[in-house]
Amino acid sequence: MPATCTPDRYAVIGHPIGHSKSPQIHAAFAQASGQIMAYSAIEAPLHGFAATVLAFRAQGGRGVNVTLPFKLQALALASDALQSARAAGAANALKFEGDRIWAQNFDGVGLVNDIQCNLGFSLAGKRVLLLGAGGAARGAILPLAAQRPALLAVANRSADKAHRLKRDFAAHVELQTGGFDELAGEVFDLVLNATSTGLSHAALPLPAHLFAADALAYELVYGQGLTPFLRQARAAGVHQLADGVGMLVEQAAEAFAWWRGVRPQTRPVIARLSVPLV
Ligand code: ATR
């Protein structure tokens, strides 16, 4: 059989990986765009990420998505890291070309595409608050700042970690940073929850009147229904609530386009994966 009959191979690598929606998303993209490719889920041992990636490449793999807890290691493994991955300090997509391993991080652009294109919320001139200062928040900062909000603020449980982000990004963007208690009296058009409380189901100590009229509350976690953050937003009168399903599908579309040179439609896949926020 000629080599062209063999599907190009991709995978998502994480630990655990059973929950990943990526195989479903990429299968839908491949089918809709007529690409001959196979996409699987691989669980790497906690101390075996690099070996797993290199074995997949040796078997003919063309690229991988990387999820928790390996995004930092994915960047370290790359021979060539693109700006998105360097700025985030982590990679969520790798592409293999000969001996080279290219690294990208599409989480931030996926988030911005979802907010602006799918939810119709323009970031320019808006007051934007990012809750959290971990990896998820770090990856969102430059893509959000590129859309020229009037203010980009970062609040975190430990204010020190937020201040560290301010220093790390000082060359690119002026962030307002602090602890949650410093939010009293502030009002935002968009509040994004990039803490891990969407998964742990912990409530955040948010002040009253944090949300402007017509504000959007965006939870980066997906598939959890109404998280404590979204409940808080709804109780504060926010009508526009979103979780991270659109971000997930949009970052997948960016990776697909990077690997295959074809940008798939995202809306039908988002509709299929969405969990009602009730
Ligand atoms: P990720 O890569 O998903 O961002 P992370 O780097 O471990 O994960 O960061 C988790 C984020 O959630 C941090 O901002 C953390 O706050 P601290 O830096 O103060 O630890 C935040 N977080 C986790 N649990 C929280 C809670 N119960 N209340 C408020 N913030 C919380």
Side-chain angles (χ1 to χ4, degrees), residues 12-17 19-22 44 46 49 65-76 81 84-93 103-112 114 128-145 152-169 175-184 186 188 191-208 210 217-224 226-233 235-236 242-248 251:
V12 58
I13 300 183
H15 184 117
I17 201 63
H19 65 284
S20 175
K21 304 262 184 253
S22 292
L46 281 176
F49 171 71
N65 280 129
V66 180
T67 187
L68 298 178
F70 299 127
K71 291 184 182 186
L72 274 70
Q73 290 181 54
L75 178 62
S84 63
R86 278 187 276 117
N92 84 332
Q104 283 262 29
N105 191 321
F106 294 118
D107 287 334
V109 68
L111 172 67
V112 167
D114 188 40
V128 176
L129 171 63
L130 194 53
L131 302 169
R138 183 174 280 271
I141 287 173
L142 286 188
L144 287 171
L152 182 53
V154 179
N156 194 49
R157 178 171 60 181
S158 63
D160 280 358
K161 212 160 142 190
H163 294 323
R164 201 177 314 147
L165 285 185
K166 183 183 179 80
R167 290 194 295 276
D168 289 353
F169 285 93
L175 295 174
Q176 174 185 305
T177 54
F180 293 129
D181 51 342
E182 289 161 76
L183 293 171
E186 302 252 20
F188 294 91
V191 182
L192 303 125
N193 184 23
T195 73
S196 49
T197 58
L199 291 172
S200 68
H201 301 288
L204 290 161
L206 301 179
L210 184 68
Y218 195 106
E219 171 72 73
L220 269 68
V221 159
Y222 65 89
Q224 303 292 312
L226 271 188
T227 60
F229 165 71
L230 291 176
R231 270 181 213 288
Q232 283 172 284
D243 73 359
V245 66
M247 172 184 177
L248 171 78
Q251 67 75 30

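Numbering of ligands and ligand atoms starts at 1, following listing order.
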[X] neighbourhood, listing ligand 1 atoms whose heavy-atom distance to it stays under 4.0 Å:
X: Ala202; value: 27 (N)
X: Lys161; value: 18 (O)
X: Gly132; value: 14 (O)
X: Gly135; value: 1 (P), 2 (O), 4 (O), 6 (O)

Worksheet item: For atom 28 (N) of ligand 1, is the nearest protein heavy atom under 4.0 Å away?
Response: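 Yes, at least one protein heavy atom sits under 4.0 Å from atom 28 (N) of ligand 1.
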Worksheet item: What do you reckon, does Ala133 put a non-hydrogen atom under 4.0 Å from ligand 1?
Response: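 Judged by the 4.0 Å heavy-atom criterion, Ala133 does count as contacting ligand 1.
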Distance-only check: which donor-acceptor pairs under 3.5 Å involve side-chain atoms of residues 132-139, not counting sequence neighbours?
| residue | atom | partner | partner atom | Å |
| --- | --- | --- | --- | --- |
| Arg138 | NH1 | Asp168 | OD2 | 3.4 |
| Arg138 | NH2 | Asp168 | OD2 | 2.8 |

Worksheet item: Do Asp160 and Ser158 have a side chain donor and acceptor closer than 3.5 Å?
Response: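 No, no side-chain donor-acceptor contact under 3.5 Å.
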Practice prompt. Compute the shortest N/O to N/O distance between Thr195 and ligand 1 and return yes if it is under 3.5 Å, no if not.
Written response: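 N/O-N/O distance under 3.5 Å: no.
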Practice prompt. Could you tell me the residue and atom name of the protein heavy atom closest to atom 9 (O) of ligand 1, and the distance to it rounded to 0.1 Å?
Written response: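 In this structure, atom 9 (O) of ligand 1 has Gly134 CA, 3.5 Å as its nearest protein heavy atom.
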Discussion item. Show, in sequence, the C-alpha distance, side-chain angles and deciding distance for Tyr218 and Asp243, and conclude whether the side-chain contact (heavy atoms from CB on, under 4.5 Å) test is met.
Written reply: CA-CA 6 Å; Tyr218 195 106; Asp243 73 359; over 6 Å; no
Worksheet item: Which residues satisfy the ring-ring contact (aromatic ring centres under 6.0 Å, His included) test with Tyr222, sequence neighbours excluded?
Response: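 ring-ring contact (aromatic ring centres under 6.0 Å, His included) check on Tyr222 returns nothing, list empty.
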Worksheet entry | Whether Thr227 side chain and Gly198 backbone form a donor-acceptor pair below 3.5 Å |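 No, the answer is negative, given that no donor and acceptor are paired below the 3.5 Å cut-off.
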Least distance between heavy atoms, [X] atom then [Y] atom:
X: Leu192; Y: Leu144; value: CD1-CD1, 3.8 Å
X: Leu152; Y: Ile141; value: CD2-O, 3.8 Å
X: Phe229; Y: Val191; value: CZ-O, 3.5 Å

Please state which option from [options] has its nearest heavy atom closest to [atom].
atom: atom 26 (C) of ligand 1; options: Arg157, Arg138, Lys71; answer: Arg157
atom: atom 10 (C) of ligand 1; options: Ala203, Ser196, Ala136; answer: Ser196
atom: atom 15 (C) of ligand 1; options: Leu165, Asn156, Leu131, Asp160; answer: Asn156

Discussion item. Applying a heavy-atom cut-off of 4.0 Å, say which part of Leu204 lies close to ligand 1: side chain, backbone, both or neither.
Written reply: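 The answer is the side chain of Leu204.
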